[in-house]
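Input: a single structure, listed below in structure tokens.
Throughout, residue positions are numbered sequentially from 1 according to the sequence presented.
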Amino acid sequence: MTWRSAFLGATAAAAAAVLASCGGKLGALAPDRPTSLRLRFEPGQVVEYRSELRGVQVFGTGPTSAGVSAQAVTDVTHRVVSVEPDGSATIEVDLDPVSASTNGRETQLGSNPEPWRIVVAPEGAILDSTRPISLEANPDPAGGPRVQANPSGAINPFPLLTAQPVRPGTGWSGGGQAPSPFGGGTVPFRLRSRVAGYEVVAGLPAAMIEGSVVMTLDVTVPAAEYLEGTGQTAFATELPDDAAIDYDGELRYVQRVWLQPDRGQVLRSEIVGTFVTDVEWTGVPADREGIDPVHVEGRLEVTTERTG
């Protein structure tokens, strides 16, 4: 599907003003012909990023809602395990926490999570993941399993591209399915993107892709799967076999990605998004401590820079 942006008729002066507003980055000459923008991977390739996340989330909707403001810096390593003939790649993801704070206070860093694998298409979609990517192994202070309701783990630095050749101003729209950030199958997403221009990032010419994404959350995760994914298997014996967690909500974000066209490498990604999530346990006695329904909504910002 193709979507033409209203910016197609913009003058060169207006385009220069837009580029000047994007963090002061320098403009770069665009290719003189339509170009295919794709992610490119090589077996054994190692790419390093530093990701900085800032988020605010509010639990509940009443006058006593609990608010949490958090910041985290993480070093991320992508190791390309294999590449298929169609260009899709299996990548091992390794996270190394650098710093974290909650409500302005430094948070003790946990041990690094075990690396996991994702499958990425050359157009940027995550095709598969060997584990839910937003769960954390921290028990609830009350002693029960903690529900991680912030879907920021679903976000990655890859843009969602079109297979068609593009030039500055070209837009596209579409949608598909992505692995659920919590497990339990896949979730649908819709996107609308465009090539906003070309800029110089870290001394390299880059295509700047700007897109908006809406992800709908409606999944049920068996309790045993959730507890295994968060390292809380000890709780599994305390819950009925049919216990599960229902997630409903929506994630909306706008992403700007600077992509090196000739090498298909992401140099920088900036994301601003909002989310609303309702979480409820099913198949569990109502008087079980620590399983009350949870409503969470908030805002997040993620900046990712390639470092190696």
Side-chain angles (χ1 to χ4, degrees), residues 3-42 45-54 73-80 87 89 91 98 120-125 155-173 191-213 253-273 300-308:
W3 173 75
R4 285 286 180 179
S5 164
F7 285 89
L8 279 173
T11 64
V18 171
L19 293 178
S21 69
C22 296
K25 298 177 179 64
L26 297 176
L29 291 176
D32 57 5
R33 65 187 65 184
T35 302
S36 295
L37 297 179
R38 292 167 56 91
L39 299 174
R40 303 182 191 280
F41 305 100
E42 298 179 4
Q45 179 184 44
V46 177
V47 179
E48 298 175 337
Y49 302 97
R50 172 158 288 194
S51 181
E52 299 185 13
L53 182 148
R54 298 165 297 280
V73 178
T74 305
D75 284 333
V76 184
T77 302
H78 285 181
R79 298 181 180 88
V80 179
I91 298 175
V98 176
V120 184
E123 292 80 27
I155 297 177
N156 61 77
F158 301 124
L160 290 164
L161 304 169
T162 175
Q164 302 302 316
V166 295
R167 61 171 72 245
T170 299
W172 59 94
S173 62
L191 72 105
R192 188 173 67 180
S193 298
R194 69 184 181 96
V195 179
Y198 280 75
E199 300 176 5
V200 176
V201 177
L204 299 171
M208 199 271 267
I209 299 106
E210 184 175 71
S212 61
V213 177
Y253 65 89
V254 174
Q255 181 180 29
R256 289 179 174 178
V257 178
W258 286 263
L259 180 72
Q260 193 177 359
D262 55 340
R263 301 190 62 187
Q265 298 294 306
V266 173
L267 301 177
R268 179 179 174 86
S269 169
E270 297 175 352
I271 292 170
V272 177
L300 57 88
E301 299 177 6
V302 185
T303 300
T304 302
E305 296 268 9
R306 179 168 176 172
T307 56

Quiz item: Taking atom OG1 of Thr303 and atom CD1 of Ile271, what is their separation to the nearest 0.5 Å?
Solution: 8.5 Å
Quiz prompt | Heavy-atom closest pair, residues Ala89 and Val80 | solution = CB-CG1, 4.3 Å
Exercise. For residues Tyr198 and Pro261, determine if any side-chain heavy atom of one lies less than 4.5 Å from a side-chain heavy atom of the other.
Key: yes
Quiz item: What closest approach, in Å, do Arg167 and Pro34 show between heavy atoms, and which atom pair accounts for it?
Solution: NH2-CD, 3.0 Å
Exercise. Keeping the roles fixed (side chain from Thr77, backbone from Asp75), state whether a donor-acceptor pair exists under 3.5 Å.
Key: no
Quiz item: What pair of heavy atoms forms the shortest contact from Leu39 to Leu161, and how long is it?
Solution: N-CD1, 4.1 Å
Quiz prompt | Test item: side-chain donor near acceptor, Gln265 and Arg40, under 3.5 Å | solution = no
Self-check item: N-O pairing of Glu123 and Arg38 below 4.0 Å
Solution: yes
Practice problem: Evaluate the side chain to side chain contact (heavy atoms under 4.5 Å, CB included) criterion for residues Val195 and Leu37: first the C-alpha distance (whole Å), next the side-chain angles of each, then the deciding distance (0.1 Å), finally the verdict. | Solution: CA-CA 10 Å; Val195 179; Leu37 297 179; 4.1 Å; yes
Quiz item: Between atom CD of Gln260 and atom CZ of Arg306, what is the distance when rounded to the nearest 0.5 Å?
Solution: 7.5 Å
Exercise. Report yes if some heavy atom in the side chain of Val213 is under 4.5 Å from a heavy atom in the side chain of Leu160; otherwise report no.
Key: yes
Quiz item: If every non-hydrogen atom of Val266 is compared with every non-hydrogen atom of Pro159, which pair is closest and at what distance?
Solution: CG2-CD, 3.9 Å
Self-check item: Minimal non-hydrogen separation, Gly264 against Leu259, with atom names
Solution: C-CD1, 3.7 Å
Quiz item: How long is the gap from CE on Met208 to CG on Leu267, to the nearest 0.5 Å?
Solution: 13.0 Å
Quiz item: Which residues satisfy the salt bridge (charged side-chain N to carboxylate O under 4.0 Å, His left out) test with Glu301, sequence neighbours excluded?
Solution: Arg54, Arg299
Quiz prompt | Heavy-atom side-chain contact between Phe41 and Val120 under 4.5 Å | solution = yes
Quiz item: Can you tell me how far CZ of Arg194 sits from CD1 of Ile209, rounded to the nearest 0.5 angstrom?
Solution: 11.0 Å
Self-check item: Euclidean distance, Ser269 OG relative to Arg256 CZ, rounded to 0.5 Å
Solution: 11.5 Å
Quiz item: Between Phe158 and His78, what is the ring plane arrangement, given parallel below 30°, perpendicular above 60°, and tilted in between?
Solution: tilted
Practice problem: Evaluate the side chain to side chain contact (heavy atoms under 4.5 Å, CB included) criterion for residues Val73 and Ser51: first the C-alpha distance (whole Å), next the side-chain angles of each, then the deciding distance (0.1 Å), finally the verdict. | Solution: CA-CA 6 Å; Val73 178; Ser51 181; over 6 Å; no
Practice problem: Check whether the side chains of Gln164 and Trp172 place a donor and an acceptor atom closer than 3.5 Å, and report yes or no. | Solution: no
